[in-house]
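Okay, handing you the structure first.
This is a predicted model, so every value here is computed, not measured. The sequence lines fix the lettering, A, B, ..., with proteins before strands; numbering per chain opens at 1.
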There are 2 protein chains.
Amino acid sequence: MTKILLIEDDSSLGATLRDRLQKEGYEVVWTRTVKASKEAVDKSEFDLYLFDVGLPDGDGFELAQALPKKPFIFLTAQGDAESRLKGYDLGAEEYIPKPFHLREVLLRIRHVLDNHMPVPGLEIGEIKVNFDSFEFYRDGAKEPIAVKDLLLLKLLVTKSPNAVTRDEALGCIRGDDKFPSNRTVDNAILRLRSALGDAGPRIESVRGVGYRWRKD
Amino acid sequence: MTKILLIEDDSSLGATLRDRLQKEGYEVVWTRTVKASKEAVDKSEFDLYLFDVGLPDGDGFELAQALPKKPFIFLTAQGDAESRLKGYDLGAEEYIPKPFHLREVLLRIRHVLDNHMPVPGLEIGEIKVNFDSFEFYRDGAKEPIAVKDLLLLKLLVTKSPNAVTRDEALGCIRGDDKFPSNRTVDNAILRLRSALGDAGPRIESVRGVGYRWRKD
DNA sequence: TCTCATCTGACAAAGCTGTGACAAACGAGA
DNA sequence: TCTCGTTTGTCACAGCTTTGTCAGATGAGA
């Protein structure tokens, strides 16, 4: 489930946002201080941060840099051009000045998530892949797989529907410094296809270019 | 080149934006009215619209719905929550309230383009081509095609309405170092025409010169 | 030394491209 | 309009390049 860290010190606004977000199906953790937010990110990983800039024990701009890199949205009373620019400079995806409609926030969140959702893992028929834990399951049974092969699979899936060139694939598997033979990539693809079983043909070769993951 | 349609009736602001955008390497067409904007999109295709909401002969919200669907950014003095929401509802990618820094606009433009450009494909009537995934669709059905043939199609379309000489075509398909027979180009054209089906005749031969893509 | 992952080379299979032959279309001159 | 030389359309197929597959070599750690 998509997990949002909501950082807002105003009780009324915070509660409203939290409730609404939960109603939309997001998992929400609500913190009110810089300190609490840092603790929260230690405990679990989030997909998106929703920030108030002005916090009792520090400001959101600094906090944004301290947290693990995830897309974040600023939510703030300081709607002037300088603040917005500062927010975007820090990498904010959106900067929503108060007052705002809840609906606007939801739209923006969906927009950001659409563009930034990390690859949460694959689930194709009897195959399950977790790119974070590097585990590969078929019919519920864990199968051994090389980490590098998994990285290649991840690259293919994230780039999909675009093709991944052989060079990219090679760079993903090896460091960019080595130049092993062409068979190296083929072998990785071969192992992946075989590991994927029925879903193997989803890795399509693009002659003269590389490979492409076909979604269904 | 990335093409931006700038719609802004304020002369001073419009000129500033246009100059700055051009300096950044974008191709800019600047219009001041709803009418002129509609004419502009008839003449050529844009990658992004940059809108003032308040225009002398209509409002940007309506115009946004009338233009061919492309990502667009609203640029407006009406920075209140209702207007923003309306803008986003219409599908605006960004809503930048005045006053703003030029740099902020540039950042947002780049942001939007980064997220929306990854399909630098062609869409010509019933034909769809994606040059990142190297896929070719006719009437929604995927058809196999050689990458080199795709490159030639791209060349033809981008050069249109100008003709592409046989030599250019050859250089596009092969490396410039080889000099195969004339039939090579013919074959590529043949395959393309056949792949294009009904749209095949859009590749016109220009006797003694080469070929030309005819837009409709 | 053993183990494991990775790389390499050999060969097979698949797919693309160039070639030549011939037909059709075109354009210039007669 | 007709003729003829040239250019382009079309086709089949041979040859070549790329990719699939595999087995054995290599090399770094345990």
Exercise. For the helix from dT1(C)-dA30(D) to dA30(C)-dT1(D), what angle lies between the axis at the first five pairs and the axis at the last five pairs, to 10 degrees?
Worked result: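 Terminal axis comparison yields 30°.
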Exercise. Can you tell me how far P of dC16(C) sits from CG of Leu151(B), to the nearest Å?
Worked result: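 Atom-to-atom, Leu151(B) to dC16(C), this comes out as 14 Å.
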Exercise. Just how far, in rounded Å, is P of dA5(C) from CG of Leu192(A)?
Worked result: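 Checked: the CG to P distance equals 14 Å.
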Exercise. Considering all heavy atoms of both residues, which atom of Ser37(B) and which atom of Leu67(B) are nearest to each other, and what is their separation?
Worked result: O-CD2, 4.4 Å
Exercise. OP1 or OP2 of dT21(D) sitting under 4.0 Å from any side-chain N/O of Arg191(A)?
Worked result: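 Looking at the OP1 and OP2 atoms of dT21(D), neither is under 4.0 Å from any side-chain N or O of Arg191(A).
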Exercise. Would you say the side chain of Leu48(B) lies within less than 4.5 Å of the side chain of Tyr26(B), judging by non-hydrogen atoms?
Worked result: no
Exercise. Roughly, in whole Å, what's the span from CG in Asp149(B) to P in dG15(C)?
Worked result: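 For the pair Asp149(B) CG and dG15(C) P, the rounded distance is 15 Å.
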Output a table of nitrogen or oxygen pairs between the protein and nucleotides 3-12 of chain D separated by less than 3.5 Å.
residue, atom, partner, partner atom, Å
dT6(D), O2, Arg207(B), NH2, 2.7
dT7(D), O4', Arg207(B), NH2, 3.1
dT8(D), OP1, Gly208(B), N, 2.7
dT8(D), OP2, Arg166(B), NE, 3.2
dG9(D), OP1, Arg193(B), NH1, 2.8
dG9(D), OP1, Arg193(B), NH2, 3.3
dG9(D), OP1, Ser205(B), OG, 3.1
dG9(D), OP2, Asp186(B), OD1, 3.3
dG9(D), OP2, Tyr211(B), OH, 2.5
dC11(D), N4, Asn187(B), OD1, 3.2

Exercise. Does NZ or CZ of Lys70(A) come closer than 6.0 Å to the centre of the six-membered ring of Tyr49(A), within 45° of the ring's axis?
Worked result: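 No cation-pi geometry.
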For this session: Identify whether NZ of Lys or CZ of Arg in Lys3(B) sits under 6.0 Å from the centre of the six-membered ring of Phe46(B) and within 45° of that ring's axis.
Result: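 Yes.
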Problem set entry | Closest contact, heavy atoms only, Gly14(A) versus Trp30(A) |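 Looking at all heavy atoms of both residues, the shortest contact is CA-CZ2, 3.4 Å.
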Exercise. Does NZ or CZ of Lys154(B) lie under 6.0 Å from the centre of the six-membered ring of Phe131(B), at an angle within 45° of the ring axis?
Worked result: yes
For this session: Calculate the interatomic distance between Ile173(B) atom CD1 and dT17(C) atom C1'; express it in whole Å.
Result: 10 Å
Exercise. Of the non-hydrogen atoms in Ala66(B) and Lys38(B), which two are nearest, and what is the gap between them?
Worked result: CB-CE, 3.8 Å
Exercise. Run the side-chain contact (heavy atoms from CB on, under 4.5 Å) check on Lys159(B) and Glu168(B) step by step: do they pass?
Worked result: CA-CA 11 Å; Lys159(B) 284 268 184 175; Glu168(B) 280 179 299; 3.1 Å; yes
For this session: Specify the residues of residues 196-203 of chain A, ordered by number, for which at least one heavy atom lies under 4.0 angstrom from an atom of DNA chain D.
Result: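 Heavy-atom cutoff 4.0 Å gives no residues at all.
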Exercise. Going by heavy atoms in the side chains, are Leu50(B) and Leu21(B) under 4.5 Å from each other?
Worked result: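 Yes, at least one pair of side-chain atoms sits under 4.5 Å.
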Seminar exercise, completed: Heavy-atom closest pair (Leu152(B) atom, Ala169(B) atom, distance to 0.1 Å) is CD1-CB, 3.7 Å
Exercise. CG of Asp167(A) versus C1' of dT18(D): gap in Å, rounded?
Worked result: 14 Å
For this session: Could you check whether the rings of Phe74(A) and Phe51(A) sit parallel, tilted or perpendicular, using 30° and 60° as the cut-offs?
Result: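 Correct class here is perpendicular.
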